[in-house]
There are 2 protein chains.
Amino acid sequence: MERSKAQPYHHGQLREALVTSGRALLEEKGIRGFTLRECARRAGVSHAAPAYHFASIDDLLAELAARGFDELAVAMTTEANRAEGGAAGGLIGQGVGYMAFAAGNPALFQLMSSREANRLDTPALAAAADKVRALHAAAVEAVIPHASGEIKQRMADFTGASVHGFISLLLDGQIGGKDSSRALKARGLSLLSAMAETVVRAGG
Amino acid sequence: MERSKAQPYHHGQLREALVTSGRALLEEKGIRGFTLRECARRAGVSHAAPAYHFASIDDLLAELAARGFDELAVAMTTEANRAEGGAAGGLIGQGVGYMAFAAGNPALFQLMSSREANRLDTPALAAAADKVRALHAAAVEAVIPHASGEIKQRMADFTGASVHGFISLLLDGQIGGKDSSRALKARGLSLLSAMAETVVRAGG
DNA sequence: GCTTCATCTTGACGATGGAAAGAGGCAGAA
DNA sequence: TTCTGCCTCTTTCCATCGTCAAGATGAAGC
């Protein structure tokens, strides 16, 4: 069969291409609309080609989730570094990065947030999620370095739950149904600053 | 074909049977492992029988989610009524009911929490979710009846996000990985009481 | 008893995830 | 250079899925 130069027999970058097309497909069709064959189609290969790179569709989803956590970590770090206000500002910045990532990649974020319900579990995914958690714990630690371990953990629970819960409910339409994007950002920032204040108080 | 008395041609309660088997299947196999045909099999009917009662598989999932919200509302109300400590105790009770329901029905809860990602949207589902939200708003209102509308809303955001975020992260293994069930309950209660205290302070 | 009609079954269609077998092309050995 | 082996991709096949269309069943009203 004739083959154009754009689609040689050996793709060469198929794994990356599948991750890219898969991520787009996930956001377009949602978790339940995601199919391996459509990913392959968009990457320009046959439906069985992905098998060599991903053992199963769940393996590809797990890879997408793992890369999502990597990217989430970058977003959190970037915003934390840009923020002013010392350690507390850094913690708020992490929250901003977290929410911005979730808002920008809602379906991927939901996949990451419900990998248990979707039965996804690979070492790479666990490690990527661990890294995000460590980043968050370090930010809390920086705000209240002299507090007890228990208080630090409680504050990490509290801040993590607040940020994750707020953006999750928002993306799911449970809060702020008719508010403007601008107003929602203000509500998010308000939540973040109140949250940071609570942590600071807990450290004193 | 011969038919046992247990499986007459007309099931009679098929809709209810499908909801029951579907709910069990959801918890067993997760959202991505859920199939309409398996629901029908467990209900003892042919694979096409559900079509008369549910327009599509998404329609059945939406029904499961809607009933989940109904049940969640009952759990919240029951715990709130049982709680002591006035309005603040009631708010805490709602949180206890919320977490208990989520912990007892993790897959269903995740379905309810990501219906956007799963593209589920029916009037009954929206109404059931609204009722839960109204219940929560009323509990906050009862704690700080004299506060401004903005503060009430902010406190509802805050408490909703805290409770939802905590139990979501917990069910997904993001927090409390190796802790005992007892310790986790304590952490949850600690979070709830701190949360209620924050609301009370916001009202003064 | 007969009709009617909601309910359920059977059978079919296209699509999916996955396995098996074979073709294509690159890279190292001769 | 040519040959050989292996990694990659295609083709073909299978069981299963959701959904549709057509037919069978039986309860309820006449």
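Reminder, nothing fancy here: chain letters follow the sequence lines and each chain counts from 1.
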Taking side chain to side chain donor-acceptor pair (under 3.5 Å) as the test, write out the residues that go with A:R42, two or more places apart.
A:E28, A:E38
Got a sec: does the CG of A:D121 have more than 12 other heavy atoms crowding it under 6.0 Å?
no
Rounding to an integer number of Å, can you tell me how far B:R15 CZ sits from C:dA6 P?
16 Å
Which side-chain N or O atoms in residues 132-140 of chain B pair as donor and acceptor under 3.5 Å with protein atoms at least two apart or in another chain?
| unit_1 | atom_1 | unit_2 | atom_2 | d |
| --- | --- | --- | --- | --- |
| B:R133 | NE | A:Q174 | O | 3.3 |
| B:R133 | NE | A:Q174 | OE1 | 3.2 |
| B:R133 | NH1 | B:D130 | OD1 | 3.1 |
| B:R133 | NH2 | A:Q174 | OE1 | 3.4 |
| B:R133 | NH2 | B:D130 | OD1 | 3.2 |
| B:H136 | NE2 | B:T159 | OG1 | 2.7 |

It should be established whether B:H53 places a side-chain nitrogen or oxygen under 4.0 Å from OP1 or OP2 of nucleotide C:dC8.
yes
Treat primed atoms plus P, OP1 and OP2 as sugar-phosphate and everything else as base, then score nucleotides 12-20 of chain C 5' to 3': B for base contact with protein heavy atoms under 4.0 Å, S for sugar-phosphate contact only, - for none.
B---BBBB-
Residues that B:F109 engages under ring-ring contact (aromatic ring centres under 6.0 Å, His included), provided they are two or more places apart
B:Y98, B:H164
Value in whole Å for how far the P atom of C:dC8 lies from CD of B:Q13
10 Å
Within this structure, what is the CG-to-C1' distance between B:L14 and D:dA27, rounded to whole angstrom?
16 Å
Applying salt bridge (Lys or Arg N to Asp or Glu O under 4.0 Å), name anything that partners B:R154, two or more places apart in sequence or on another chain.
B:E150
Could you list the donor-acceptor pairs under 3.5 angstrom formed by side chains in residues 57-64 of chain A, with sequence neighbours left out?
| unit_1 | atom_1 | unit_2 | atom_2 | d |
| --- | --- | --- | --- | --- |
| A:D59 | OD2 | A:A55 | N | 3.2 |
| A:E63 | OE2 | A:R67 | NE | 2.8 |
| A:E63 | OE2 | A:R67 | NH2 | 3.2 |

